[in-house]
2 protein chains.
Amino acid sequence: MLTIGYLAKKTGTKVQTIRYYEQIGLMPEPGRTDGGQRRYGNAELDRLSFIRHARQLGFSLDAIRELLDLSDHPARSCEEADAIARRQLKQVEQRMARLEVLRLELERMIEECSGGRAADCRVLEVLRDHSECLTDHEGIGT
Amino acid sequence: MLTIGYLAKKTGTKVQTIRYYEQIGLMPEPGRTDGGQRRYGNAELDRLSFIRHARQLGFSLDAIRELLDLSDHPARSCEEADAIARRQLKQVEQRMARLEVLRLELERMIEECSGGRAADCRVLEVLRDHSECLTDHEGIGT
DNA sequence: TTAGCTCCTCTAGTCACTGTAGGTTCAAGG
DNA sequence: CCTTGAACCTACAGTGACTAGAGGAGCTAA
């Protein structure tokens with residue numbers, strides 16, 4: 001019989017977060033001691049590991065709910081899980097591409113910083129100057 | 001005299017978001033028409049562009065507050081702005097490194113998906129199997 | 001004048017937690 | 001058996017950065 005604190009330590013989760021997962025129905029309501037403290041089994045530890053691992057991979061709690069549902073009904077097709085993972089991969093790639101643009105612009109900003117007064121600071125200038133902006137909102141909604 | 005909707009369109013911001021920025025003191029309280037509608041000048045448009053650009057670069061509203069403060073007092077050193085930008089760059093690089101790890105794992109998951117029943121699905125298996133987990137919580141807190 | 005678009009305030013909701021207050025239970029040592 | 005103190009409990013509020021909706025008022029052009 002495992003305590004909530006043990007699960008927390010094993011999975012790198014905060015105790016409150018586990019209770020939160022229970023509250024939103026992602027974790028089952030566990031058994032309790034006479035005093036009312038939660039006691040878990042290994043199945044719950046595995047489930048929490050699954051959730052945390054998926055969270056680290058950037059899956060939303062909703063996506064995780066889907067995945068857990070799939071793994072609770074193993075007769076269903078793998079395609080759904082695959083589709084969820086592919087969606088996730090796409091999102092990760094988009095985020096990375098976006099971050100790369102940001103990284104380059106930040107590097108440029110820092111490189112050009114003259115070290116003088118804020119009035120001449122390239123960092124502020126770049127942020128102020130709309131013409132150097134990578135995105136263009138002029139055409140939106142027209 | 002510019003309406004809030006015009007600012008919104010020009011900067012790719014939602015109208016509510018501009019009012020939110022005003023509420024938290026990031027945008028100034030603008031003048032109003034007799035009927036109580038907000039009317040802005042070009043200075044406010046510039047300020048909002050600055051905010052949005054910085055947001056796109058991943059700066060937090062707090063960091064932007066600092067940057068705006070710097071640019072409002074141009075006699076102060078550029079070093080502070082530089083430091084903020086450097087902090088930001090570091091964070092972006094960390095996020096990218098993390099995403100790269102996730103991307104590889106997601107690719108592996110998808111590649112190994114057999115297309116069969118969920119019971120045999122590698123996607124679910126990888127998420128379930130703690131031994132393949134990249135992070136290790138065993139040693140935490142000991 | 002009237003249509004209809006934009007604007008107003010206020011409140012509540014989103015996501016995924018995190019923190020705090022104030023109290024209770026449990027396990028180990030004496 | 002008693003005490004200590006860590007770990008547990010509930011309940012609620014707060015975070016960041018918006019976003020959505022209700023219900024109404026203002027503005028502009030035909």
Side-chain angles (χ1 to χ4, degrees), chain A residues 1-27 29-40 44 47-48 50-68 87-88 91 95 98 102 140-142, chain B residues 1-27 29-40 44 47-48 50-68 87-88 91 95 98 102 140-142:
Chain A
M1 291 294 101
L2 315 171
T3 66
I4 196 170
Y6 181 84
L7 258 73
K9 200 180 278 183
K10 273 283 175 190
T11 60
T13 316
K14 301 234 160 164
V15 166
Q16 293 105 303
T17 305
I18 299 174
R19 291 198 280 248
Y20 167 72
Y21 287 161
E22 181 183 327
Q23 199 185 304
I24 62 169
L26 215 56
M27 287 290 287
E29 287 185 31
R32 302 269 187 152
T33 63
D34 290 349
Q37 298 194 355
R38 289 167 179 81
R39 286 301 121 96
Y40 296 92
E44 281 76 40
R47 192 180 177 93
L48 182 56
F50 183 103
I51 293 170
R52 293 309 288 180
H53 196 168
R55 281 296 294 142
Q56 278 163 18
L57 287 171
F59 290 91
S60 71
L61 292 184
D62 260 6
I64 292 170
R65 220 186 285 272
E66 282 185 80
L67 289 168
L68 281 168
R87 267 207 312 274
Q88 198 54 33
Q91 270 179 32
R95 267 183 261 167
R98 219 170 131 51
L102 305 189
I140 287 176
T142 54
Chain B
M1 291 294 99
L2 315 171
T3 66
I4 196 169
Y6 180 84
L7 257 73
K9 199 181 278 183
K10 271 284 174 188
T11 60
T13 316
K14 302 232 160 163
V15 165
Q16 293 104 303
T17 305
I18 299 174
R19 291 198 279 249
Y20 167 72
Y21 287 161
E22 181 184 327
Q23 198 186 305
I24 62 170
L26 215 57
M27 287 290 286
E29 287 184 31
R32 303 268 186 153
T33 63
D34 289 350
Q37 298 196 353
R38 290 169 180 81
R39 286 301 123 95
Y40 295 92
E44 280 76 42
R47 193 181 177 92
L48 182 57
F50 183 103
I51 294 169
R52 294 308 288 178
H53 196 169
R55 281 296 296 141
Q56 277 163 17
L57 286 171
F59 289 90
S60 70
L61 292 186
D62 261 7
I64 292 170
R65 219 187 285 274
E66 282 186 80
L67 289 169
L68 282 168
R87 268 207 311 274
Q88 197 51 35
Q91 271 179 32
R95 267 183 262 167
R98 218 169 132 53
L102 305 188
I140 286 176
T142 53

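Contacts of B/F59 with the nucleic acid, taken as non-hydrogen atoms under 4.0 Å apart, are absent. Using a 4.0 Å heavy-atom cutoff across all strands shown, A/R32 reaches sugar-phosphate atoms only and no base atom.
Remark: C1' of C/dC7 and CD of B/E22 are 13 Å apart, rounded to the nearest angstrom. Summarising the geometry, the separation between CD on B/Q23 and P on C/dC8 is reported as 13 Å, rounded to the nearest angstrom. Per the geometry, CG belonging to A/L26 stands 11 Å off C1' belonging to C/dA16, to the nearest Å. Distance CG (B/L61) to P (D/dT19): 11 Å, rounded to an integer number of Å. Distance CZ (A/R38) to P (C/dT24): 17 Å, rounded to an integer number of Å. Rounded to a whole Å, the CD1 atom of B/I24 is 13 Å from the C1' atom of D/dT15. Look at CZ on B/R65: it is 12 Å from C1' on D/dA17, rounded to the nearest Å. Rounded to whole Å, atom C1' of D/dG16 lies 11 Å from atom OH of B/Y21.
The shortest heavy-atom contact between A/M27 and A/I51 is SD-CD1, 3.8 Å.
The side-chain hydrogen bond (donor to acceptor under 3.5 Å, both in side chains) check on B/Q16 picks up nothing, with sequence neighbours excluded. A/R65 is linked by a salt bridge (charged side-chain N to carboxylate O under 4.0 Å, His left out) to A/D62, counting only residues two or more places apart in sequence or in another chain. By the side-chain hydrogen bond (donor to acceptor under 3.5 Å, both in side chains) test, A/R55 pairs with no residue at all, sequence neighbours left out. Listed by chain and residue number, nothing satisfies the salt bridge (charged side-chain N to carboxylate O under 4.0 Å, His left out) test with A/D34 (two or more places apart in sequence, or in another chain). With sequence neighbours excluded, no residue forms a side-chain hydrogen bond (donor to acceptor under 3.5 Å, both in side chains) with B/E44. Applying the side-chain contact (heavy atoms from CB on, under 4.5 Å) test to B/Q91 and every residue at least two apart in sequence or in another chain returns B/Q88, B/R95. Remark: A/R87 engages A/E66 in a salt bridge (charged side-chain N to carboxylate O under 4.0 Å, His left out) (not counting sequence neighbours).
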Which atoms of nucleotides 4-7 of chain D (N or O only) lie under 3.5 Å from a protein N or O atom, and what are those distances?
none

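Contact annotation: A/T33 side-chain N/O to C/dT25 OP1/OP2 distance is not under 4.0 Å.
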Checklist outcome for this item: Under a 4.0 Å heavy-atom criterion, the protein footprint on nucleotides 18-23 of chain C, written with B, S and -, is SBB---

Next on the checklist: Assess the residue pair B/L7 and B/R38 against the criterion (side chain to side chain contact (heavy atoms under 4.5 Å, CB included)); give the C-alpha distance rounded to whole Å, side-chain angles, the decisive distance to 0.1 Å, and a yes or no.
Outcome noted: CA-CA 11 Å; B/L7 257 73; B/R38 290 169 180 81; over 6 Å; no

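Both B/R39 and A/G36 lie close to DNA chain D; mapped to their nearest nucleotides by heavy-atom distance, the more 5′-ward contact belongs to A/G36.
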